[in-house]
Amino acid sequence: MKNSAYVEILDREGTLLATAAESAGTDAEVPTCPGWQVRDLLRHTGTVHRWAERIVAERHTGPRPDGGLPDLDGGDLLAWFREGHRRLVDTLTGAAPDVRCWHFLPAPSPLAFWTRRQAHETTVHRIDAESARGGGPTAVGADFAVDGIDELLCAFHARPKSAVRTGEPRTLRVRATDVPGAVWTVRLSAEPPVTERTGDGDADCELAGPAALLYPALWNRRPFPEVSGDASLAALWREKSGITWK
């Protein structure tokens, strides 16, 4: 996907997030993030937006502190979130393609990393906001969902900090049933997972379904559409795959 397409998604998803949060109210519980209320969701996502925007705008070459969560609530918190989201969209839109700054996952360029990461960050948390509001979630495009699955499996869980590990080698397969060729083989062991974009060979467990449903499921936002084989690996994913901010 092009950087501009990610920014368009970021723009739309942040607006949807704010609208759902306003409808739910900041006191509402967030079913997809147990223990959180909407105010926690807005504070977290807004802080991430400002943190990312500052890294790109100021061209920091190393990680920066996030500035802390704001002591805001209600309408003031929503206005703060919208302002930070707009600033991030504008900064990524106006950034030079060759801008040099820190990033923490492999990417063709720093700008490619930040546009992709913030589009997915905001989409996942938009799903959270809509779960608090109630009603059906806004659909995620299949190609974008496949891209998000790829980021999660091939980038986030390739890092040494991934906790998805097994004592003996096991194989987990992930398959988007509505997108040709969208299949991943995740090799689990006592080391960080190793993921290949292939469906070759046997697997101990397969997680499958339409990309738009599989994407939030792998981010632990909904049940897996289909699980076949050893369900303990699906349970292991649920227990150990969470990506934490700190």
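Computed from a predicted structure; not experimentally measured. Along the sequence shown, residues are numbered consecutively beginning with 1.
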Practice task
Decide if atom CZ of Arg59 counts as having more than 12 heavy atoms of other residues, nucleotides or ligands within a radius under 6.0 Å.
Solution key: no

Problem - Residue Asp90 excluded, over 12 heavy atoms near CG under 6.0 Å - result: yes

Could you tell me whether the side chain of [Y] reaches within less than 4.5 Å of the side chain of [X], counting heavy atoms only?
| X | Y | answer |
| --- | --- | --- |
| Arg116 | Asp150 | yes |
| Pro192 | His157 | no |
| Thr138 | Arg126 | yes |
| Thr123 | Ile9 | yes |
| Val174 | Glu206 | no |
| Trp102 | Val56 | no |
| Arg170 | Asp230 | yes |
| Arg117 | Glu151 | yes |

Shortest non-hydrogen separation from [X] to [Y] and the atoms involved:
| X | Y | value |
| --- | --- | --- |
| Pro193 | Ser162 | CD-OG, 3.4 Å |
| Arg165 | Pro160 | NH2-O, 2.5 Å |
| Arg54 | Gly67 | NH2-N, 4.3 Å |
| Arg43 | Leu69 | O-CD2, 3.6 Å |
| Ala112 | Pro108 | CB-CD, 4.0 Å |
| Glu130 | Pro137 | OE1-CA, 3.2 Å |

Short question: side chain of [X], backbone of [Y] - any donor-acceptor pair under 3.5 Å?
| X | Y | value |
| --- | --- | --- |
| Thr19 | Thr15 | yes |
| Gln37 | Thr26 | no |
| Trp184 | Thr195 | no |

Practice task
Would you please test Leu17 and Leu42 for side-chain contact (heavy atoms from CB on, under 4.5 Å) and show each step?
Solution key: CA-CA 9 Å; Leu17 192 163; Leu42 289 169; 3.8 Å; yes

Exercise for the section: Would you please indicate if the ring centroids of Trp219 and His125 are separated by under 6.0 Å? Expected result: no

Exercise for the section: Kindly indicate, with the supporting measurements, whether the criterion side-chain contact (heavy atoms from CB on, under 4.5 Å) is fulfilled by Glu13 and Val140. Expected result: CA-CA 10 Å; Glu13 294 291 327; Val140 177; 5.6 Å; no

Practice task
Look at the rings of Tyr215 and Phe144 and say which category their plane angle falls in: under 30° parallel, 30 to 60° tilted, over 60° perpendicular.
Solution key: perpendicular

Exercise for the section: Please state whether the rings of Trp114 and Trp51 are parallel, tilted or perpendicular, taking 30° and 60° as the class boundaries. Expected result: perpendicular

Enter the distance from [X]:[atom1] to [Y]:[atom2] here, rounded to the nearest 0.5 Å.
| X | Y | atom1 | atom2 | value |
| --- | --- | --- | --- | --- |
| Ser4 | Asp11 | OG | CG | 12.5 Å |
| Leu77 | Leu72 | CG | CG | 6.0 Å |
| Ile149 | Cys154 | CD1 | SG | 10.5 Å |
| Thr45 | Arg50 | OG1 | CZ | 11.5 Å |
| Glu8 | Leu92 | CD | CG | 13.0 Å |
| Asp71 | Asp76 | CG | CG | 10.5 Å |

Handout entry: Carboxylate-amine/guanidinium proximity below 4.0 Å for Glu83 and Arg87
Key = yes

Exercise for the section: Could you check Glu196 against Arg187 for salt bridge (charged side-chain N to carboxylate O under 4.0 Å, His left out), going step by step and ending with a plain yes or no? Expected result: CA-CA 8 Å; Glu196 301 170 348; Arg187 306 196 185 280; 3.7 Å; yes

Exercise for the section: Could you please spell out the steps behind the side-chain contact (heavy atoms from CB on, under 4.5 Å) verdict for Leu88 and Leu10? Expected result: CA-CA 9 Å; Leu88 175 62; Leu10 166 63; 3.9 Å; yes

Practice task
Report the residue from Thr171, Leu236, Val194 that forms a side chain to side chain contact (heavy atoms under 4.5 Å, CB included) with Leu188.
Solution key: Leu236

Practice task
I would like to know whether Thr47 and Asp66 meet side chain to side chain donor-acceptor pair (under 3.5 Å); could you show each step before the answer?
Solution key: CA-CA 7 Å; Thr47 295; Asp66 60 33; over 6 Å; no

Do [X] and [Y] get their side chains close enough for a donor-acceptor pair, meaning under 3.5 Å?
| X | Y | result |
| --- | --- | --- |
| Thr91 | Glu53 | yes |
| Arg173 | Thr185 | yes |
| His44 | Glu121 | yes |
| Asp147 | Tyr6 | yes |
| Asn220 | Ser241 | yes |
| His49 | Thr122 | yes |
| Asp128 | Thr32 | yes |

Flag yes if [X] and [Y] sit in one hydrophobic cluster, no otherwise; membership is Ile, Leu, Val, Met, Phe, Trp, Tyr, and two members link when side-chain heavy atoms are under 4.5 Å apart.
| X | Y | value |
| --- | --- | --- |
| Leu214 | Leu152 | yes |
| Leu172 | Val146 | yes |
| Leu105 | Ile243 | yes |
| Val30 | Val124 | no |
| Val164 | Leu233 | yes |

Handout entry: Test log, rule side-chain contact (heavy atoms from CB on, under 4.5 Å), inputs Cys101 and Thr61
Key = CA-CA 5 Å; Cys101 60; Thr61 57; over 6 Å; no

Practice task
Check the pair Glu226, Arg175 against salt bridge (charged side-chain N to carboxylate O under 4.0 Å, His left out), reporting the backbone distance first and the verdict last.
Solution key: CA-CA 10 Å; Glu226 304 171 29; Arg175 186 185 305 275; over 6 Å; no

